[in-house]
Amino acid sequence: MANGSKSGKAGKPSKEAKAAAKAARKQASKERRTQLWQAFQMQRKEDNLLLPLMIGVLVASAVVFFLVGLIFGIQWFLLPIGILIGVLLAFIIFGKRVQKTVYGKAEGQAGAAAWALENMQGAWRVKNAVTGTTQLDAVHRVIGRPGIILVAEGSPQRVKGLLAQEKKKTARLVGDTPIYDIVVGNDEGQVPLSQLVKYLNKLPRNIDTKRMDSIESRLAAIGGRTGTAMPKGPLPPGAKMKGMQRTIRRR
């Protein structure tokens with residue numbers, strides 16, 4: 001009996017479904033290329049060293065592989081490999097410099113740390129502005145394999161008290177789970193915005209995902225009492241590093 005679906009025999013997709021899926025993939029690929037090209041054009045206008053560095057690493061890679069190939073008599077075999085590796089290195093340089101520019105623009109703006117935390121990759125549970133002030137000082141809570149990380153941004157004098165209060169309140173609910181506290185900034189003892197994600201990723205792994213789930217459930221009881229609403233991010237719409245980095249990796 002016909003069920004009215006467009007699937008073929010044995011539940012296999014029909015030709016129309018396959019064509020639609022292919023068209024969707026093609027459109028997604030086109031959008032990624034467009035996004036990548038726009039990012040390149042924007043970065044090139046602001047970064048005079050971008051093109052020289054990208055071209056330089058491409059040429060250097062090709063030359064090195066060609067010269068190594070000459071030694072063994074396989075230079076024409078190694079040359080294409082050198083070019084491909086050079087292209088890959090050029091894209092890595094492009095991604096790093098885009099990241100540097102984006103973080104440079106975000107530095108010192110309200111909500112910058114929250115934006116950086118939201119764009120982290122991996123199994124991090126981020127709760128922005130669990131407490132804060134009307135001056136947009138805020139403490140954000142991150143649950144991850146290291147334990148609980150409280151990340152503060154704003155005036156160092158004001159966030160010091162916020163951090164202490166939030167750490168004391170959190171400790172009552174999570175027992176012996178490690179709690180780290182960080183102040184984002186460029187002064188001594190602080191973590192620069194551009195190094196925040198790297199700093200978190202270097203913390204030791206102290207708990208597993210099951211413990212993370214348990215902690216998240218316990219903290220949900222106090223999760224609704226936030227100090228202030230933070231800006232969605234310090235950058236214009238569309239300047240999301242997470243999507244940018246994903247696009248660069250796919251290329």
Side-chain angles (χ1 to χ4, degrees), residues 1-47 50-51 53-55 57-58 61-62 65 77-103 105-106 111 114-128 142-145 197-198 200-201 205 208-210 212-213 216-217 220 231-251:
M1 181 176 179
N3 58 12
S5 69
K6 294 185 177 180
S7 298
K9 295 180 179 180
K12 294 183 178 179
S14 65
K15 291 183 178 180
E16 292 82 1
K18 289 181 179 180
K22 183 178 180 180
R25 289 194 298 269
K26 187 176 181 180
Q27 180 62 26
S29 178
K30 182 179 179 181
E31 290 176 357
R32 288 196 297 270
R33 290 195 300 269
T34 300
Q35 182 185 23
L36 188 63
W37 177 248
Q38 290 174 346
F40 174 76
Q41 293 286 26
M42 291 173 62
Q43 183 67 19
R44 184 174 62 86
K45 291 177 181 178
E46 300 183 13
D47 186 355
L50 179 64
L51 277 179
L53 286 173
M54 292 180 70
I55 294 173
V57 74
L58 173 59
S61 177
F65 273 79
F77 172 75
L78 289 183
L79 179 59
I81 298 176
I83 293 174
L84 289 175
I85 292 179
V87 170
L88 176 61
L89 292 174
F91 269 104
I92 291 174
I93 289 174
F94 168 56
K96 293 291 186 182
R97 295 188 76 83
V98 168
Q99 184 181 44
K100 182 180 178 180
T101 298
V102 171
Y103 275 105
K105 289 181 178 180
W115 163 79
L117 293 173
E118 286 181 343
N119 284 281
M120 286 195 303
Q121 296 179 349
W124 301 97
R125 322 283 175 83
V126 179
K127 178 72 173 177
N128 286 333
V142 181
I143 303 173
R145 294 293 300 278
V197 174
K198 184 178 181 180
L200 264 60
N201 283 320
R205 298 317 189 232
D208 57 19
T209 53
K210 181 179 287 188
M212 288 169 58
D213 292 336
E216 189 174 26
S217 298
K232 288 296 183 181
L235 305 178
K240 296 290 187 180
M241 276 304 305
K242 187 174 181 179
M244 186 69 67
Q245 291 168 340
R246 185 186 300 115
T247 298
I248 291 170
R249 288 198 305 272
R250 286 175 175 170
R251 298 302 299 166

Heavy-atom closest pair, residues Met120 and Val197: CG-CG2, 3.6 Å
Derivation of the side chain to side chain contact (heavy atoms under 4.5 Å, CB included) call for Asp213 and Arg125: CA-CA 9 Å; Asp213 292 336; Arg125 322 283 175 83; 2.9 Å; yes
Verdict with reasoning, Asn201 to Trp124, per side chain to side chain contact (heavy atoms under 4.5 Å, CB included): CA-CA 10 Å; Asn201 283 320; Trp124 301 97; 3.4 Å; yes
Nearest non-hydrogen partners of Gly86 and Ser61, listed with the distance: N-OG, 3.4 Å
Test item: Thr34 side-chain N/O and Lys30 main-chain N/O as donor-acceptor pair under 3.5 Å: yes
Atom of Val126, atom of Leu117 and distance for their closest heavy-atom approach: CG2-O, 3.7 Å
4.5 Å side-chain heavy-atom contact, Val57 and Phe91: no
Residues Trp37, Arg33; criterion side chain to side chain contact (heavy atoms under 4.5 Å, CB included); working and verdict: CA-CA 6 Å; Trp37 177 248; Arg33 290 195 300 269; over 6 Å; no
Smallest separation among heavy atoms of Phe65 and Ile81, with atom names: CE2-CG2, 3.8 Å
With Arg97 via side-chain hydrogen bond (donor to acceptor under 3.5 Å, both in side chains) - residues at least two apart: Asp47
Nearest-0.5 Å distance that lies between atom CD1 in Ile93 and atom CE in Met54: 7.5 Å
Side chains of Glu31 and Gln27 in contact at under 4.5 Å (non-hydrogen atoms): yes
Interatomic distance, Ile85 atom CD1 to Leu78 atom CG [nearest 0.5 angstrom]: 9.0 Å
Distance-minimising heavy-atom pair for Ala62 and Leu79: O-CD1, 3.7 Å
Pairwise side-chain contact, Leu89 with Leu58, heavy-atom cut-off 4.5 Å (strictly under): no
Exercise: do Gln43 and Thr101 side chains pair donor with acceptor under 3.5 Å: yes
Residue pair Trp115, Asn128: steps toward the side chain to side chain contact (heavy atoms under 4.5 Å, CB included) verdict: CA-CA 9 Å; Trp115 163 79; Asn128 286 333; over 6 Å; no
